[in-house]
Every structure is written in C-alpha cells, then in structure tokens.
Undergrad: 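Handing you this structure, nothing more for now.
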4 protein chains.
Amino acid sequence: MPRPPGHGPGFEVRRQKIIDTAASLFAQQGYAATSINDLGRAVGLAKGALYYYIGSKENLLIEIQSRVLGPLLARAKEIAALDEVPLLRLRLLSESLLTIIFRRLDHIWVYEHDYRSLSGKELEIVLRQRSDFEHLITGLLTEAVEEGTFRAVEPHLATLQFLNLHNHTYQWVRPDGSWDAAFLSGEYCSTLFRGFAANVGELPDVEALAAEFKRARPELPLDPEALWESVSVAS
Amino acid sequence: MPRPPGHGPGFEVRRQKIIDTAASLFAQQGYAATSINDLGRAVGLAKGALYYYIGSKENLLIEIQSRVLGPLLARAKEIAALDEVPLLRLRLLSESLLTIIFRRLDHIWVYEHDYRSLSGKELEIVLRQRSDFEHLITGLLTEAVEEGTFRAVEPHLATLQFLNLHNHTYQWVRPDGSWDAAFLSGEYCSTLFRGFAANVGELPDVEALAAEFKRARPELPLDPEALWESVSVAS
Amino acid sequence: MPRPPGHGPGFEVRRQKIIDTAASLFAQQGYAATSINDLGRAVGLAKGALYYYIGSKENLLIEIQSRVLGPLLARAKEIAALDEVPLLRLRLLSESLLTIIFRRLDHIWVYEHDYRSLSGKELEIVLRQRSDFEHLITGLLTEAVEEGTFRAVEPHLATLQFLNLHNHTYQWVRPDGSWDAAFLSGEYCSTLFRGFAANVGELPDVEALAAEFKRARPELPLDPEALWESVSVAS
Amino acid sequence: MPRPPGHGPGFEVRRQKIIDTAASLFAQQGYAATSINDLGRAVGLAKGALYYYIGSKENLLIEIQSRVLGPLLARAKEIAALDEVPLLRLRLLSESLLTIIFRRLDHIWVYEHDYRSLSGKELEIVLRQRSDFEHLITGLLTEAVEEGTFRAVEPHLATLQFLNLHNHTYQWVRPDGSWDAAFLSGEYCSTLFRGFAANVGELPDVEALAAEFKRARPELPLDPEALWESVSVAS
DNA sequence: TATGAATGAGACTTCATTCAT
DNA sequence: AATGAATGAAGTCTCATTCAT
C-alpha cells in the first residue's frame, strides 16, 4: 500500500518504523485503546506529520495484518509445494509459523487480537487469507491420512487442533526465553503426530528429516528472517 | 462488587441480566468498541438507570471475568481432588472447560480478549486465578508422568499444550454446530494422551472410564449448568 | 427527522431553537465556516449536549433545507390547485415565496448557498423538491400562454426568469426595510406580466384580484406565518 | 498582488494558470471545501511550490474576485459612456455581463458564492466595486425613465430587478447549452423593457439597434474575450 | 428506580502554512 | 523554482460519567 508518488528516500524507512512502533503499542494496550497521540509521542512526531505517513489509523492495522499474513502465506505455499513427505512439510510449516510468532510477537498480538476491528472489505481479505492458510494445513493432514501414516482423523478437526496448538502460543511465549521456535515446533509436532498416528512405531523420524532438510537446502524457505524483512519493507 | 444494601428483590436479577447482555455485546464488538449507550439500548434502560445497576463499565468486565473464573476454578478443584486416575481427571477437567466455553461463548470471548483492559489490581486477581488453574493441570500431568503413563514430557510445556488446545477453541467453535463439548473433549484428550503416552497400547480406555464416571456420579461436578447458574447469579 | 424515542417535553423546543441559531450562524458565516463550537457558544451548550440535540452538523443543514422547502412546496401546491386565473395564482405564489424569504432570511441564505454541502442522498431529495417547485411555475406560465394572456414565451425560459427575479432577492433584501413581501411581489409580477403579456392593455388587474382573494379567503394559504410555524416545529 | 520583483518570465503565466485551476475547483466544491492539497494535485505542484506562486489561499479568492470585477467594471463604464439611447446601452451592458458569466462560469460561481469569505479590507473593496456597477445601471434606468421611455418605476428597485435577473443566471446556465449570451440578453431585456415600458408600442427595436451597433463598432467593447484575457493576465 | 439532560475530555482527522534543502 | 517534511490549531464527533428530578 505505497503512499502517493513524490516521496523522498527516507519516507518508506520512517514509515516502516512508525508501523513497527504502532505494532508494539497496539500489542501492549490493544488497538482501540491506543490513540494516535500515543503513537505520535512514541515516535516523536506531531499528529500532522504522523498522518503524512500513515494515512489513517485503520491503515496501520491493515499493514500489520499483511505483514503477518504476507510472509506466512508465501512461506506456507512454498513449503506445501515441496516434494517431501507430508509430515516433514507439516513440521516445516509449524516451524515457520512459530518462527514468525517468535520474531514478531507484537505483530502477532495485533493479528490475533484486533483483526475484527477492520472494516468490511479489509476484514474479508484477511479472513480469506486466514482461510487459505488453513486449507494448506488441511491438505497436508489429508495426505498423511490417505497414505496411512495417520489414523482416520477428521481432517478439519485435526487442522483446528494444529492451529489451536500453534496460534495460542503468542499468549504466553517469551521470545527471549529458553525455548526457541525450532524446539517448540518439535514438541508440538511430536504431540500431534503421535496423537494422530495410525501406528506410533512406524512414524518417520521427522526431526531427523527436518535436520537433513535444513542442511541440504539452507537457502530456501527455512530462514524466516530474510522473508520477513523483504516483505515488510516492501509492503 | 455488590451494590450497597437497601435494594429491592429484583435488583440482583436485573443486574445479572444486564451483565449477560454486556457480555454478549462485548463479545461481538469488543469491550472498547461497545459503548454504554449500546448497552442501554440493548437492555432497554436509560443511561442513568444503567449506572444504578452497573457502577462502571470496567465493573462489567470484572464481573464477566469472575463469572468465568469462579465456576471454572471451583469445578477444577473438585475434579482434581477426585480419587480417580490422572487421565480420567484430566478428561473430566477438559470437558468441564469446554462445556463452559460452549455454554458461554460470549463470556469466554471477553475473558480471553479483554482481560488486559482491566486496571492493575483487578488484573492481578484474574492473573492469579488463571495461574491457579494452570497449576491444577500441571499437577495432573505430573502425576501421569510419575506413574509412567506418560513419557517424560516437561510438565510445564505439556500444560501449555493442553491449554493452547482448549483455550483457542473459542475462536472458531459454534455452540450450535455438530460437535459438542463431550465430543471435542474426547478428541482433544485422545490427541494429547496418545501424544504424551509412554506406550499408546497401554493407555487406559479413558472414554469408557468417563462414561462410567458420569453414570455412577451423575449428581456432582459433571453438569456445568447447575454450577454456572449458581455461581453467576450469586457472584 | 425526530430523535430516538424517550425525550422530555422540552427537547423538541430546545432542538428547534438550536436549529434557529444554526441557521443564523450559517447565514452569517457560511456552513463550512461555522464550527460546532461556534454554535455551542451561541446556544450556551457544551459540545456533548449539542450533539445530543442535533445528531450531526449535516443534519442541521438538512433540517434547514426542509424547513424552507417543506412549507414552500406545500403552499405552492395549494396555490397551483386553486380555481383561479393563472396570473392570480402566479401572483399568490410569488408573494408566498417572498414572504418566506422575508420571514426567514437566514434560512434562505443557507438554502441558497450551502445546499451543495449536502451528501449524495440528501442532495438528491433537495434537488428533486426544487425541481418540483419549478415545474409548478412552468405549469402556470404554460397555462397563461395557452389561454392567450401571455405571448409565446418559452415556458422553461420564462420560469427561469421568474425564479431569477425572486430567488436572488435574498442577496440584498432587508426584512425591516421599507418594502414588504406583498409590495415586492406586486412589483415583480408587474414587470414579468407586462414583459410576457401578449397585449398589455388586456392584462387583468392582478393586484385587484389578489386583494379580493385575500379578503374572501383570509384563512387559506396566504398567511405564511401559520404554515411556517406548524411545519418548522413539527419537522 | 504581484510577487516581489525578480521572477523569471514564466512566473506570471504559471501563476495565472494556477488561479484558473483554483477558480475551477472552488466553483465545483466551494472555497472552504477545497484544500491547498487539492489544488496542488490539480496543477501538479507540491505545496511548497504552490505557495511560492499564490502567497496564500485567500489571495486566490481576491484574485478571482478582481478577475471578474475588473473587466466587468471597465466594460460597463465604457458602455455607459457611449453616445447611444439608454435602452441600447442597457442591452449592451446586459450582454457583456452575460458574456462574462458564460465565459467564466467558474469564476462567477466563486464571485457570487464566496465573496463573504474575504476578510475585512478586501471585502470592502469588492463591495464598493459591486456598488459602482449597480450605480451605472441605476443611472441608465433613470435616464430611460426621465426621457419617458419607461414608466415611473423606482430606479433602485428597477436596478435590483435587472441584477436579480442577470446575476442569478449562473445558478443554472450551461455554457455549452443551446442558449448563448446574446440570446439570453435579448430575452431578459425584452422582458424588462416591456415590463418597465411607459408604452410598449413605442419601444425602440433594441435588437435591431444592437445588431447595428455590433456591425458598426466591431472593434470595441463588445467582444469580451479580448478584454477578459488582457485584464486577467495582467492583474 | 428511572430518566433525560449535560459535561468535558479525548478520539480521529484535515488543513493552511512554513522551512531546510 | 521546487520539494518533501513537519507543525499545531482546529474541526467533527463519541463517550463514560454525573445529577436534578
């Protein structure tokens, strides 16, 4: 959502910093409870100048949502399309999701908490993207059932369990704590895969596969840092 | 936070109805986005009269929080104290939690979403109660590990998985859908217990135990209706 | 446009006074240049209370427009339907229009000046009503041409001349000056009727007819006071 | 209000174009409702540069007013001083006025609508010029009465009728419609002259006189184009 | 018990204007 | 000659709360 033409080189940089600050404030106090004045104070800019950068308060919310959903969906699609067993792809997708949660906890707070503050059209877009993400997971789970790795769990309900487990993490996680995204992903997947398994003894060693994959394909979609940066600055 | 003495008999009844309505509105639009005017319109009372009943807007939030946490904690303590195997107690606790979620989805929305709108002291109380609830679960999970039913999962992390799975349910559940609390509890516990099991083949048949328990002890803590009503009206 | 139910008896009275004051301020400074604060100061009410009465600033404009157009159109329809010669009806209509202009010069200023500040739907309504008014005049002028009293003037252009002459009056008229609506109407009609006449010598003595009509039918549509009051207070 | 000396040759040209654009925008949306940003977008100039040319927003209004009043008054004085019968001079003046209205409808809208947005001193100047214009007309009408062509109409009231008829035209006229300034002038003057005539049968054939005058003196004050251009660019 | 009326702070946003570069 | 950036006042409107009746 680039601003009208005719902006200096510093514009976009500063704009991104303002959105960063907004995400942080919204995460702490909530979108509705954060005033434009608060934001202005936090970034050291008068209200007028603020609007020069942001357009509107709701715009900030939109930007934050797309900062989360953009990289997430892009990454998820890449992973889902890999030529690997479904469990590995689920494991990679889990780690990507948790990585973003760890990396931008404030964005995730806003994403999870305040998406309903969006107005009609923007809300639709966000909801559709969320739905797209869900369907990718459902697809992978269905594959795992069909190939016999998982017992006959209902794919939709299994998807919801996958999402519950991951998406609620933002409520308590501390990015600087002793657990990181890779570890948590291993734990979550361990629980889910055993829980869904047709036969626990026959489950592939997903952690080994994931380690191998990361070693063999270090460039690709496994470092969320690069993707996040690229998307958020360009958005 | 009951009103000073000297109120007619209808006072408390009407007050509870107002809180019900408030919970519904807050759940739909969010606490911050719901005005006292909205509430007045919804209950058919002018603002002056409304304040006679509610004291303040934040008061409503406090009431709603305690309506959820009161019965939940009371129930959970009863269940944790039962003389049954840990897995059955976890299963009963799971169903209680989900039952409340199904029964009072609007309260849960507010509970999950807007607890951070509380001011210092009230927030502390809520957070402590939440922590108490967590510890009950951690205790049961620890028991299951110690008796060898579960493998050596880290109890705290296992607790968080249990809570993630249950607490995020409010985001998508439809109380009038095809799934009920008992079914969902069975599914969640199936996933978690298999996921945590030391040996899946040796897991007790928790569903059978739960059915037997409900048959043998129909009166006590398994019908959340009675408890909810008693607590919410008296609170 | 009555306010939501549940207002005391003084509400409507005060509301009308506020609209009066608004019309006066808008007439002096223009709609866009008059702030709600100005209005609040003028009526001695804080902003909050003001909005309790007015709903929105644009609402004031709508009310003022309808205060003018309501009585005007009602009166004009009555007059056009009278069983009198076209020239008398035109003369009566002229006097009604000028009477309203004299009586509520501030409303007319707003009506003529700021109708374009209305938003889409409300603007449409006003424009349609204006158009209805025009068509009544066109009808009467056409009658006068067809019966041979007027020469073959183009009715549309004749209508526009009638309206130009009357509607621009608000720009300079002083209600407390030496001319009143009846006099000015006589002058305007004298100019127009002679100007349009097929044969000036054969024109009826419209002033005599008007005097006779007022004497014979004093109750009906010739005293704008009553109509104005009734409409404006009830609106 | 020319800028301080030391401007390049293109300065004045560009400045005039900006005022043109401003007149167009003010006419469409009103002076108060048009922002400097709107103007900047319309002329393709950033705000800083805009201020280099315009000085202030009110300045634009002043320029537009004087663009209308300058040529109008100059022309009117020339015409009033002609050695022709009063009715011809009135007819020529009418056509000049309507020609300007047709030619620069947007300027006229601003002129008629927003002159009250001027501050004290500038407003005075405009009002005096308007008054000067009126007096020229009053003079001609008085002549016509004194020479017996017109009946004993009150010159001031007759002037106001003349002005009402002409000045309200901007409200509905379409410059690209089927009527042009000459035609409309003929119609208006026909109505007024017959309306004011002492004896309609003895009125001179003003249309013939006007045609003759235009043929005999094509160079002078009858083509408003030249005058407009000269005045507006030099102002 | 209940109401309508009033308040004043504060919300989001726009805008004319200035100025360093 | 021109720009992008910044300001601060002011604008419209909402809202939790209070209070006389």
Side-chain angles (χ1 to χ4, degrees), chain A residues 3-11 14-15 32-40 44-60, chain B residues 3 6-8 10-11 14 32-40 44-60, chain C residues 3-11 14-15 32-40 44-60, chain D residues 3 6-8 10-11 14 32-40 44-60:
Chain A
R3 299 280 87 206
H7 284 303
F11 178 87
R14 184 141 204 188
R15 184 160 176 270
T34 303
S35 81
I36 288 292
N37 261 345
D38 293 342
L39 181 55
L45 230 34
K47 267 184 296 191
L50 214 50
Y51 272 86
Y52 176 66
Y53 288 105
I54 67 174
S56 76
K57 191 185 178 189
E58 191 182 6
N59 224 10
L60 289 170
Chain B
R3 297 271 92 201
H7 286 306
F11 178 86
R14 185 140 205 189
T34 302
S35 78
I36 289 292
N37 250 351
D38 293 341
L39 181 56
L45 229 38
K47 272 190 286 198
L50 216 52
Y51 269 84
Y52 175 70
Y53 288 106
I54 68 174
S56 79
K57 193 186 177 188
E58 190 182 5
N59 226 11
L60 289 169
Chain C
R3 299 278 89 207
H7 283 304
F11 178 87
R14 183 141 205 189
R15 185 160 175 268
T34 303
S35 81
I36 288 292
N37 262 344
D38 293 342
L39 182 54
L45 229 33
K47 266 184 296 189
L50 214 51
Y51 271 87
Y52 176 67
Y53 288 104
I54 68 174
S56 76
K57 191 185 177 189
E58 191 182 4
N59 224 11
L60 288 169
Chain D
R3 298 272 90 201
H7 286 304
F11 178 87
R14 185 141 204 190
T34 302
S35 78
I36 289 291
N37 249 352
D38 293 341
L39 181 56
L45 228 39
K47 272 189 286 196
L50 216 52
Y51 270 84
Y52 175 70
Y53 288 106
I54 67 174
S56 78
K57 192 185 177 189
E58 190 182 6
N59 226 12
L60 289 169

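In what follows, every chain begins at residue 1, and chains take the letters A, B, ... in the order their sequences are listed.
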Undergrad: Map Ala32(C) and Pro9(A) onto DNA chain F by nearest heavy atom, then report which one ends up closer to the 5' terminus.
TA: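 Closer to the 5' end of DNA chain F: Pro9(A).
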Undergrad: Nearest to the side chain of Phe11(A), heavy atoms from C-beta on, is which of dA16(F), dA5(F), dT17(E)?
TA: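 The answer is dA5(F).
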Undergrad: Over how many whole Å does the gap from Asn59(A) atom CG to dC12(E) atom P extend?
TA: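 The distance from CG of Asn59(A) to P of dC12(E) comes to 14 Å, rounded to the nearest Å.
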Undergrad: Under the side-chain contact (heavy atoms from CB on, under 4.5 Å) test against Leu60(B), which residue among Leu50(B), Thr34(B), Leu39(B) passes?
TA: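 Only one of Leu50(B), Thr34(B), Leu39(B) forms a side-chain contact (heavy atoms from CB on, under 4.5 Å) with Leu60(B), namely Leu39(B).
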Undergrad: Starting from the C-alpha separation in whole Å, work towards a yes-or-no answer on side chain to side chain contact (heavy atoms under 4.5 Å, CB included) for Ile54(C) and Arg15(C).
TA: CA-CA 7 Å; Ile54(C) 68 174; Arg15(C) 185 160 175 268; over 6 Å; no
Undergrad: Would you check, one step at a time, whether the test side chain to side chain contact (heavy atoms under 4.5 Å, CB included) holds for Leu45(D) with Tyr52(D)?
TA: CA-CA 11 Å; Leu45(D) 228 39; Tyr52(D) 175 70; over 6 Å; no
Undergrad: Name the residue closer to the 5' end of DNA chain E, choosing between Asn37(A) and Asp38(D) according to the nucleotide with the nearest heavy atom.
TA: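 Counting from the 5' end, the first nearest nucleotide belongs to Asn37(A).
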Undergrad: Do any N or O atoms of the protein come closer than 3.5 Å to N or O atoms of nucleotides 6-8 of chain F, and which pairs are they?
TA:
residue, atom, partner, partner atom, Å
dA6(F), OP1, Arg14(A), NH1, 2.7
dA6(F), OP2, Tyr53(A), OH, 2.5
dT7(F), OP2, Ala46(A), N, 3.0

Undergrad: Between Thr34(C) and Thr34(B), which residue's closest nucleotide on DNA chain F lies nearer the 5′ terminus?
TA: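 Upstream on the strand: Thr34(C).
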Undergrad: Starting at the 5' end of DNA chain E, what dot-bracket string do you get if Watson-Crick and G-U pairs under 3.5 Å are bracketed, crossing pairs use [ ], other-strand pairs use | and unpaired bases use dots?
TA: .||||||||||||||||||||
Undergrad: Can you tell me how far OG of Ser35(D) sits from NZ of Lys47(D), rounded to the nearest 0.5 angstrom?
TA: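 If I round to the nearest 0.5 Å, the distance is 7.5 Å.
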Undergrad: Quick one: CG on Asn59(D) to OH on Tyr51(D), what's the gap to the nearest 0.5 Å?
TA: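 Interatomic distance, Asn59(D) CG to Tyr51(D) OH, rounded to 0.5 Å: 10.5 Å.
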Undergrad: Name the closest nucleotide to the Tyr51(C) side chain, picking from dT14(F), dA16(F), dA11(E).
TA: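 Nearest listed nucleotide: dT14(F).
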Undergrad: In whole Å, I'd like the distance from the NZ atom of Lys57(C) to the C1' atom of dT14(F).
TA: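 So the NZ-C1' distance, Lys57(C) to dT14(F), works out to 17 Å.
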Undergrad: Once you round it to whole Å, what is the distance between C1' of dA16(E) and CD of Glu58(D)?
TA: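 Value for this atom pair: 12 Å.
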Undergrad: From the set dT17(E), dC12(E), dA16(F), return the single nucleotide nearest to any side-chain atom of Ile36(B).
TA: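 Closest nucleotide to the Ile36(B) side chain: dA16(F).
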